[in-house]
Number of protein chains: 2
Amino acid sequence: MSAPSIRARVRAEMIGEIKAVARRHLATDGANLSLRAVARDMGMVSSAIYRYFPSRDELLTALILEAYDALGDAVEAADAAADPRDLRGRWHAACRAARGWALAHPAEYALLYGTPVPGYAAPDDTVGPAQRPPLTLVGILRDGLAAGAITPPPAEELPAPVRADLAELAEAFFPGLPEALLARGMAGWTQLFGLISFELFGRINRSMAHRDAYFDHQIRLMADLVGLPARPQVPSEE
Amino acid sequence: MSAPSIRARVRAEMIGEIKAVARRHLATDGANLSLRAVARDMGMVSSAIYRYFPSRDELLTALILEAYDALGDAVEAADAAADPRDLRGRWHAACRAARGWALAHPAEYALLYGTPVPGYAAPDDTVGPAQRPPLTLVGILRDGLAAGAITPPPAEELPAPVRADLAELAEAFFPGLPEALLARGMAGWTQLFGLISFELFGRINRSMAHRDAYFDHQIRLMADLVGLPARPQVPSEE
DNA sequence: CTCGCGTCAAGAGCAGTGCTCTCGTTTTCG
DNA sequence: CGAAAACGAGAGCACTGCTCTTGACGCGAG
């Protein structure tokens, strides 16, 4: 006997279908998701949606959560698929995975990293999934440090208050990680986000024809900055 | 005799006041600007606004243009106020000016660099003002190169197609600038945008208490990456 | 000075939005 | 089996951008 009743199962299916239709609308119509349009597409009346989601914002939150997880999955999977000792390979794979997901799901990426919706406040359960991509990047640095392939930058380059903030952050996620290395990891994450956003929001399209290669080059620059060693084999690939 | 008639003058004043009220609404209510609310604030009826702006998007475009120019002014003025030979000083001043303007006008910054409005396509007359901040940053690099303070990175580090794109770009704005140096300037600009966006869109607030110092440090890292020489005097300031 | 053109603000109206409430119907569970 | 919960539909509210019409006003030409 299935513990969830028939009603609970059809309810779960409804929630899933609403999210699917909403995601489709998001992809075509942009960020201004219309509850009524979603309801229409499902042959329902708008008020019926409220049986499943208490408000439009809650629907958006559900989509945001799923998007964070999808992006996190993509980045972590790309990192895990690479040779663990090939730090640059992992770095590039993770960054490319993030860009690839963003290009494949531009509307959802905009939902995550675009302008915050005016009245909308991200609930606390989004912060965990949101941290997965940067944690993946910094994790590569931690592994490199543990393997002796990365020499940590001197902590003296950090102003004291920044160092304190970073120490607290490192304590929570990567105990023992040098603060200056964490700062560089965050620089890499910031750059990755900026690159993807520029490309997706159309600030680079006019001037750059070969965007894949441009992205790779910029990621390479950041890999240099964070101190990743050169790859043992030939660096050229696709 | 004033060439513009009384009617033309009051019309110009009306346009200015509408923009001012709209900017105020933008600052308080976020990106979803309501034409009717603006009209209400001016004691007018919504349809009257259409005498001055053919649509809401046109009003937004006007605000965007002004915002681009304000940001460009701030960045260029900060660069111009610094000692021309103090490359790092200019770099930091320009970056700080961009961040300062963004923090002072978050809604307008979001309008410029946030999610593009779904139906909205940026008209061509926005691309010029939009390029002023990055051109300022790259201009600092060009001056450093001319003064012999910056050694250009080897062009071989660039993939051929990227180099071609960058060469075309450099030809248009900084003839003779090495492509690899331009790429680093764009990296700096991307990082600056990413830093400001992260801070403004609330992705850094939870973990970073001293945001001014954090920003300065990250900007310093990028100044290292682009190859700016160390400052002659003591680097601490403020 | 006057007439007519062009500009202006106002109002009604249309189609759309998020959301609430009520009303029968259906399913679930004690 | 009957009470309770969940469900879909519909009406309605306040709001949005935008269009069209109407009447009043300024302004320059005759």
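As the structure is a computational prediction, the values presented were derived from the model and not from experiment. Per chain, numbering begins at 1; letters A, B, ... match sequence-line order.
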> Just checking A:Ser46: base, sugar-phosphate only, or nothing, at a heavy-atom cut-off of under 4.0 Å?
Replying inline: base

> Has the side chain of A:Arg36 got a donor or acceptor atom sitting under 3.5 Å from an opposite partner on the base of C:dG16?
Replying inline: no

> Base, sugar-phosphate alone, or nothing: which one does A:Tyr52 contact when heavy atoms must sit under 4.0 Å apart?
Replying inline: sugar-phosphate

>> Of the options D:dC18, D:dT16, D:dG8, whose atoms approach the side-chain atoms of B:Tyr50 most closely?
In response: D:dC18

>> What is the separation between atom CD1 on A:Ile15 and atom P on D:dA6, rounded to the nearest whole Å?
In response: 12 Å

> Pick the nucleotide of DNA chain C nearest each of A:Ala37 and A:Pro54; which residue has the one closer to the 5' end?
Replying inline: A:Ala37

> Between A:Met208 and A:Glu199, is any pair of side-chain heavy atoms under 4.5 Å apart?
Replying inline: no

> Looking for any heavy atom pair under 4.0 Å, which part of the strands does A:Leu59 touch: base, sugar-phosphate only, or nothing?
Replying inline: nothing

>> Rounding to an integer number of Å, can you tell me how far A:Arg56 CZ sits from C:dG16 C1'?
In response: 14 Å

> Counting side-chain heavy atoms from C-beta on, which of D:dC18, C:dC19, D:dA6 comes nearest to A:Arg11?
Replying inline: D:dA6

> Has A:Arg142 got its NZ or CZ under 6.0 Å from the middle of the six-membered ring of A:Phe174, at an angle within 45 degrees of the ring axis?
Replying inline: no

> In whole Å, what is the span from the CG atom of B:Leu35 to the P atom of C:dA9?
Replying inline: 14 Å

> Any side-chain N or O of B:Arg40 less than 4.0 Å from the OP1 or OP2 oxygen of C:dA10?
Replying inline: no

>> Can you tell me whether the side chain of A:Ser47 and the base of D:dG8 have a donor-acceptor pair closer than 3.5 Å?
In response: no

> What pair of heavy atoms forms the shortest contact from B:Pro133 to B:Tyr113, and how long is it?
Replying inline: CG-OH, 4.5 Å

Quiz: residues 36-45 of chain A side-chain donor-acceptor pairs under 3.5 angstrom, not counting sequence neighbours:
| residue | atom | partner | partner atom | Å |
| --- | --- | --- | --- | --- |
| A:Asp41 | OD2 | A:Arg24 | NH2 | 2.8 |

> Are the charged groups of A:Asp69 and A:Arg132 less than 4.0 angstrom apart, N to O?
Replying inline: yes

>> I want to verify a distance call: between C:dA10, D:dT16, D:dG8, whose nearest atom is closest to the B:Val45 side chain?
In response: C:dA10

> NE2 of A:His25 versus P of C:dG16: gap in Å, rounded?
Replying inline: 13 Å

>> Hydrogens and angles aside, do A:Tyr109 and A:Ser197 bring a side-chain donor and acceptor to less than 3.5 Å of each other?
In response: yes

>> Mind checking if B:Ile49 touches a base, just sugar-phosphate, or nothing, with heavy atoms under 4.0 Å?
In response: nothing

> Any idea which of D:dG12, D:dC18, C:dT22 is nearest the A:Arg51 side chain?
Replying inline: C:dT22

> Given atom CD of B:Glu17 and atom P of C:dA9, what is their separation to the nearest angstrom?
Replying inline: 11 Å

> Roughly how many Å is it from CG in A:Asp29 to P in C:dG16, rounded to a whole number?
Replying inline: 13 Å

>> Expressed as a whole number of angstroms, how long is the span from B:Asn32:CG to D:dT16:P?
In response: 10 Å

> Roughly how many Å is it from CZ in A:Phe53 to P in C:dT20, rounded to a whole number?
Replying inline: 16 Å

> Want to settle it: does A:Met14 or B:Ser34 sit nearer the 5' end of DNA chain D, counting the closest nucleotide to each?
Replying inline: A:Met14

